[in-house]
There are 2 protein chains.
Amino acid sequence: MASFTEENYLKALYNLSNSHGEVSISDLAHSLAVSMPTANSMVKSLQKSDWVLYEKYKPVTLTPKGQKEAALIVRKHRLTEMFLVKKMGFGWEEVHEVAEQIEHIHAPKFFDRMDEMLGHPTIDPHGSPIPDNQGRMQEFSYTPLSTCKPGQTVQLTALTNSSTEFLEFLNSRKLALGTQLKILSREAYDQSLVVSYESHSQETLSEKVSERLLVRVLE
Amino acid sequence: MASFTEENYLKALYNLSNSHGEVSISDLAHSLAVSMPTANSMVKSLQKSDWVLYEKYKPVTLTPKGQKEAALIVRKHRLTEMFLVKKMGFGWEEVHEVAEQIEHIHAPKFFDRMDEMLGHPTIDPHGSPIPDNQGRMQEFSYTPLSTCKPGQTVQLTALTNSSTEFLEFLNSRKLALGTQLKILSREAYDQSLVVSYESHSQETLSEKVSERLLVRVLE
DNA sequence: CAAATTTGTTAGAATGATCTAACTTATTAC
DNA sequence: GTAATAAGTTAGATCATTCTAACAAATTTG
């Protein structure tokens, strides 16, 4: 069984994996706020327990066993976030820290019960998919708002960044998942978008914001 | 801030404290399933951080700081047990293991919200008092059923032991907190008691059981 | 109270997770 | 295609938590 620390490495590897499933030691170390030698030695030890594949000077890859373990940790994290929001009345900007701790609890029945109470949700409060209890995660193909065109109507479905600051910004603009946005125009100079939604007839979103908003194009 | 391990030592000290607030190294070690040298060295290190008072060859005592910290961990444990039973549908025999892990979560808002949703409970599902958010715990003076006399009517209010096996035994006899028992007789040979309650007109409880049942005498 | 037993301590070692300093390999930029 | 930079590794140390073996103090018991 993976230790608390090992679980954090597995989750980081899972989240950092590129399209080839590879993660550099450097990225891993930065993501976990540890030194490169620390990440290096932990990767060697994860290899011994068959969680990762690794060769000197090459990027790290999760084994199927490692992938499943990591996905199940992510599952616990996202189920917890959903539970905190839907059943305990927390805001989507408040749940990350707590979920970061609860994801390490070893108690299948606890998370199964959450899942049940929530009606087996497939996404978390930030629109990220929840892996199933076998560690399989469905792929969504959402579009960054930044790549959409004036005239399009879209629905906000997920975020690429869920930092407290960003979530609080979205709260201040009353932007929630599910909101339908009409793209009015794009400013050529800074790529900011002018959109309208609900009672907001004109709201400007910077490129920094619009590239973090994932949408489904409605028309 | 106390580490996960330190928190477990503080909690053990809190639970093992006798009327003078003292705990022997031996009891501490047994309770945590570690060797005596381990307990000894941890006690020395807890002393350095002002969690405990300690002198060579003397029993250990929690400082006020240590007592409060321990009580707040116990508070988190018992609130969690209550939440699992009342809000998530778990049985009282299923909640100890999970609460043992969740008690280490650092997230005041999470536990405050539980407390609120539960209506600020003062006892956990096994009748044990929940310390308040300042770490103060009210003292109840319950009587072990084993010391009661035939003819008395009592109400089951708490347990001195909450092992899964004992709780499952109580489930099998439909004995829940709040149940009113009438003591019919006592067997002189083994001190077992014959009681009646609800639809059970005659149930024999061994001394081992009756001394673990805490009651309030009604008449 | 002296012997036996229990309890507590010291010393020394192991493991997991981390660091810095120094060095090596790989990549990027002229 | 070298020189500079970035990325990765090794070596060696530290800290927390644990152990066993050996010894010492305190308590219990005949």
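Each chain gets a letter, A, B and so on, in the order the sequences are listed, and its residues count up from 1. All values derive from a computational prediction rather than experimental measurement.
Contact annotation for A:S35: base contact, defined as any heavy-atom pair under 4.0 Å involving a base atom. Note on B:T38: a base of the nucleic acid sits closer than 4.0 angstrom, heavy atoms only. Residue-level contact check: A:S3 touches the backbone only, with heavy atoms under 4.0 Å from sugar-phosphate atoms and none from bases.
The side chain of B:M42 has D:dT17 as its nearest neighbour among C:dT18, D:dT17, D:dG8. Listed candidates were C:dG8, C:dA17, C:dC19. Nearest to the side chain of B:S24 is C:dG8. Comparing D:dA7, C:dC19, D:dT10 by their nearest atom to the side chain of A:K44 picks out D:dT10.
Rounded to whole Å, atom P of D:dA25 lies 17 Å from atom CD1 of B:I25. For the pair B:K58 NZ and D:dA24 P, the interatomic distance rounds to 20 Å; values are reported in whole Å. Computed from coordinates, the B:L28 CG to C:dT7 P distance equals 14 Å when rounded to whole Å. Regarding B:D27, its CG atom lies at a distance of 10 Å from the C1' atom of C:dT7, rounded to whole Å. Look at CD on B:E55: it is 14 Å from P on C:dG8, rounded to the nearest Å.
The side chain of B:S26 contributes no N or O atom lying less than 4.0 Å from OP1 or OP2 of C:dT6.
Counting only N and O atoms by type, the side chains of B:E81 and B:H77 include a donor and acceptor under 3.5 Å apart. Using modelled atom types, one finds a donor on one side chain and an acceptor on the other under 3.5 Å when comparing A:W92 with A:N171. With no hydrogens or angles considered, a side-chain donor-acceptor pair links B:N8 and B:H104 at under 3.5 Å.
Annotation: side chain to side chain donor-acceptor pair (under 3.5 Å) contacts of A:S162 (sequence neighbours excluded): none.
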Can you name the atoms? Protein N/O to nucleotides 21-28 of chain C N/O, anything below 3.5 Å, with the distance.
none

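Map A:M36 and B:V23 each onto its nearest nucleotide of DNA chain C; the residue landing nearer the 5' end is B:V23.
Counting heavy-atom neighbours within 6.0 Å of A:E55 CD, excluding the residue itself, gives a total of 12 or less. Crowding of A:H30 atom NE2: a count of heavy atoms from other residues, nucleotides or ligands under 6.0 Å not exceeding 12.
Here the CG-CD distance, from A:L46 to A:E69, works out to 11.0 Å after rounding to the nearest 0.5 Å.
Test A:R78, A:K76, A:R75 against A:D124 for salt bridge (charged side-chain N to carboxylate O under 4.0 Å, His left out) and you get one pass: A:R78.
A heavy atom closer than 4.0 Å to some atom of DNA chain C occurs in A:T5, A:Y9, these being the qualifying members of residues 4-16 of chain A.
A donor-acceptor pair under 3.5 Å is formed between the side chain of B:S17 and the backbone N or O of B:L13.
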